[in-house]
Structures are given as C-alpha cells and as structure tokens.
Protein chains: 2
Amino acid sequence: MAKQKLKADVSTEEKIKQAARKLFTEKGFAAVKTRDIAEEAGINLALLNYYFRSKEKLFDIIMIENFDQFVQQLIPILGDESLSLDEILTQVTGSYIDMLTQNPDLPFFIMNEMRSDSTKLQFVKDKMANVRAAFIKRVEDTLLKKKISRTNMGHMMMNFMGLIIFPFVAQPIMMKVNKFNKNEFDALMEERKKLVPIWLKAIMTAQ
Amino acid sequence: MAKQKLKADVSTEEKIKQAARKLFTEKGFAAVKTRDIAEEAGINLALLNYYFRSKEKLFDIIMIENFDQFVQQLIPILGDESLSLDEILTQVTGSYIDMLTQNPDLPFFIMNEMRSDSTKLQFVKDKMANVRAAFIKRVEDTLLKKKISRTNMGHMMMNFMGLIIFPFVAQPIMMKVNKFNKNEFDALMEERKKLVPIWLKAIMTAQ
DNA sequence: AAATATTTTAATCAAATGATTAAATCTGTG
DNA sequence: CACAGATTTAATCATTTGATTAAAATATTT
C-alpha cells in the first residue's frame, strides 16, 4: 500500500460504467438487465444502484457520452474556416470512419435511441441542430454556386450519412451475407476514406 | 348471422398478429411486453398464448414475415433477364422506396434482429445469400466491363443500401434535426426514386 | 489502535412480466 | 333445444427484474 488510493486497477464505478456502455450500446436499454451489467462488471448487483441510483440514470449517462462522441469531432472540422469543401469532406470522412471503426455499435445505438424518442432526447436535438447549422453555414455557399437547392440539403445529408455511417449499421448483415470477417470489413472501411469524398463530389455534380 | 363464420371484421388471431407486427417492428423484441400487444389488439392477454403459445413464437412469425417482405420483391426484378442494368437500378430503387415508405420501420427491425444474432437467423442468411447471388450474377459482367473489381462489389452493395435504405433508418433523426414532417420526408423519398439511380451510376463511373 | 467514513455483500422486497388454468361464453350441428 | 367444439375471460402462478436494506468488510482519519 505504498500508493494513496488505487485500490483496483479501475474503480468500481468505472467498471460498472464500462460494462454498461458495452451492453447498452450493443443491445439498447430494454434488452439489457441490471444483472447482466453486474455480471459483466464482476460486481454485486446492489453496487449499480449504490453508485448510479437506477438503471435509467446509468443509461442516461452512457447515452450522453455516446451522443457526445458521435457529434463532437465534427465541430472543430466544420469550424475551421481555412478548410475547403473538399478538405472538409476528406477530413470528416476520415475522422468518422476511424471513430466508427473503433466504436462500430455507436450508430445503431444512436438510431435506436432517437427512435425510442421519449422526451429526454431534447438535448440531442439541440446538439444535432448545432452541427447541422455549422454544416449548412459552411457548405451552403459552395452548394449554391453549384446550383444545388436548399431542399437538396436534405438529400446531401442523407447521402453523406448513408455512405459513411450506414455500413456500420449494416455491418452484421454485410459480414454475414458477404462472409467478411472483422478485418476484411475494416479494410473496406479504410478504402472508403478515399472513395466516399470522391463519390460525394460525383453525386453533387451529377446532372 | 346470415354469414357462416365471420364473427369479427378481422379474426382475433389476425388482430393479435397485426398488433404484434406493429409493436415488434417499431420497438424490437425486448421492449415490447405481451400486455402491450394484448392492449394494442384489444384482446385478453391469455389469447396471445392461446393462439401463439408464447411471445417468442409469435415474434418468430413476425420476424419471418418481415424478412420476406424485405427481400421478396428483389427476386423477380433481378431475375428478369430482359432488363438492363440501368433498368434494374431504376426498378429496384423505385420498388424499394415505395415499399419502405409504406413500412418505414422495416429496415431498422432487420438491422436490429441481425445484430441480436441468435442462431435463429440462419434462414435469413440463406435468403440474403440468394438475393446476393442473383445480384452478383446479374451485375457482375457489367461491372467487370467497367473495370470495377470484385472487392468493390462490397462497396457497391453498401452504397446501394446506404442511399436507399439508410434514410429510413435515420428517419427519426432526419425528421427531428431537419424539422421534416412525414409528408415532407416522403416527398424527399419520392424524389430519390429518380436521383439514386443517377447517383449510383455517377459513383460507378467516378475515376 | 480507535473512530469514522466509504465500499461491498447477502438477503429481501415489490412490481412487472410471461404463462397457465378453470370456468364462462359463443358458435355451429344434430 | 342440447350437445360438442371453439373461443374468450378472469384469476392466479412462477419467474424475472429493478431496487432497497441492514450488516459486514475495507479504507481513511485522528
């Protein structure tokens, strides 16, 4: 006991959070039982309530962290006035594919929770609205020059997300149907870092 | 009582299935309680077990029907030798967007259940494998002529699904962030019937 | 070491949930 | 009508599940 207070390698509270993050992100709120979390964390069930008060409060924490991770890295890139549209496309694509390769379940989690609506997602709406505003502010001029209308902004956001995020949502299908293993899938995603910006530009200029 | 045996407008069994389809498709297996289904169907809880034996058996039925609907309509189009690649793209896109506009929760359900794996999805794997084989058989020659490699088939499938299916998976986000209502969203999807084939061709021929 | 605060455990509770049962009601048939 | 079979209901069971409690164990401070 030379050290001050490093009891376990990781504090119990952190172990619970890690277990909860893993399970909630994989399976969603309803499918995860508090006992699953306790077992995954290797702790007594009562500790979950001791540290986090309730399953729902614990979930809220994980949800906020996940959403933050999902949108956070967009801000600095979109906010960098020195980047051209091409550079933005390339950077956002690369940065996102890297992050999602590390957290492949994140998009599905987000979609799942947005769908279960509930009222608690107001803060998400706000956060996404910020990103969207930044995106529009940053891209709208360029788009207007290319004669792409405002309503088509919706299409562009869908295309952007569809080409980058969808593969991770569909990863289980892709792996099963195409008999990819994780490494092969990741290699495909690595290729997409270069391809998606090219494709997006091709889409934007297609008659 | 002139008629033979038409008791209710819809048989109790069918009412239960409709309620189950709605709820399971919207929220997934774990989040739906048998009492929710009973209430939605306007029937006594015991009837669910009387007709379908268990929640899981009922879910299996819904799952199979949903998967069938998801892949069914592809077969006749892909199998029609008289169609050009362009025509296939156009028809599949149109047919799919129509179907998904009627059943917007279907893609999410499929992704969700593929992810929860379980072993019971072998039949799905087989079904998807058939569609994939038909797709490859139908498209591979054309792709080879365009110097698109076999590994890029994976990208093409992702792009195809990403541009068509993803918007429906992300519909809740799109509607919240962009403040679309259902009609506006559907109008966008209607536009995509023409746009997605153009975009896909642009992608395929992009340097 | 004693006192105090923090962390962990085992046992238990109350509500939710999937399922069953026995009786009641309805339906068509002889 | 009365009977048999199918359908529906109300009541109840057993398990799961989220949460609590009181006590034990551990760490921290004095």
Side-chain angles (χ1 to χ4, degrees), chain A residues 1-64 109 112-113 116 118-120, chain B residues 1-64 112-113 116 118 120:
Chain A
M1 286 55 176
K3 284 297 178 67
Q4 268 273 59
K5 180 193 176 179
L6 282 181
K7 303 162 304 186
D9 336 48
V10 184
S11 77
T12 299
E13 193 173 343
E14 190 54 33
K15 275 196 291 185
I16 297 174
K17 263 179 66 173
Q18 284 177 8
R21 174 160 35 244
K22 174 165 184 284
L23 294 178
F24 280 143
T25 307
E26 266 176 28
K27 317 209 260 176
F29 180 81
V32 175
K33 310 305 171 191
T34 53
R35 282 164 178 80
D36 301 340
I37 300 176
E39 190 185 5
E40 173 80 25
I43 52 104
N44 186 290
L45 171 61
L47 288 179
L48 188 152
N49 292 289
Y50 172 75
Y51 280 109
F52 297 96
R53 185 69 188 169
S54 77
K55 179 191 177 188
E56 203 169 359
K57 291 226 172 61
L58 174 54
F59 179 79
D60 286 350
I61 293 173
I62 302 300
M63 188 188 63
I64 290 175
F109 176 89
N112 195 5
E113 297 315 322
S116 325
S118 77
T119 51
K120 85 174 99 174
Chain B
M1 286 58 175
K3 282 299 176 69
Q4 268 274 62
K5 182 191 175 179
L6 282 182
K7 304 160 302 188
D9 336 47
V10 184
S11 76
T12 300
E13 194 173 344
E14 190 53 33
K15 275 195 291 186
I16 297 174
K17 264 180 66 174
Q18 285 177 9
R21 172 161 36 245
K22 172 163 186 283
L23 294 178
F24 280 143
T25 308
E26 265 176 29
K27 318 208 261 176
F29 181 80
V32 174
K33 309 307 171 190
T34 53
R35 282 164 177 79
D36 301 340
I37 300 176
E39 191 185 5
E40 174 80 25
I43 53 104
N44 186 289
L45 170 60
L47 288 180
L48 188 152
N49 292 288
Y50 173 75
Y51 282 108
F52 297 96
R53 183 72 186 166
S54 77
K55 178 190 178 188
E56 204 168 359
K57 291 225 172 62
L58 174 56
F59 179 79
D60 286 350
I61 293 172
I62 302 301
M63 190 189 60
I64 290 176
N112 195 5
E113 297 313 322
S116 326
S118 78
K120 86 176 100 175

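Note: hydrogens, waters and symmetry copies are ignored here, and every other heavy atom, side chains too, is used. The sequence lines fix the lettering, A, B, ..., with proteins before strands; numbering per chain opens at 1.
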Classify every nucleotide of nucleotides 16-21 of chain C by which part a protein heavy atom approaches to under 4.0 Å, writing B for the base, S for the sugar-phosphate alone and - for neither, in 5'-to-3' order. -BBBBB
Are A:Glu13 and A:Lys17 ion-paired here, with the side-chain N under 4.0 Å from a carboxylate O?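 Salt bridge flag = no for A:Lys17 with A:Glu13.
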Mind checking whether [X] and [Y] have side chains closer than 4.5 Å, heavy atoms only?
X	Y	answer
B:Gln18	B:Lys22	no
B:Phe24	B:Lys55	yes
A:Phe109	A:Arg21	no
B:Phe59	B:Glu113	yes

Does CD in A:Glu39 sit with more than 12 non-hydrogen atoms of other residues, nucleotides or ligands closer than 6.0 Å?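 Result for CD/A:Glu39: open.
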Could you check how far [atom1] of [X] sits from [atom2] of [N], rounded to whole Å?
X	N	atom1	atom2	value
A:Tyr51	D:dA19	OH	P	18 Å
B:Leu47	C:dA24	CG	C1'	13 Å
A:Glu14	C:dT7	CD	C1'	17 Å
A:Glu39	D:dT17	CD	C1'	15 Å

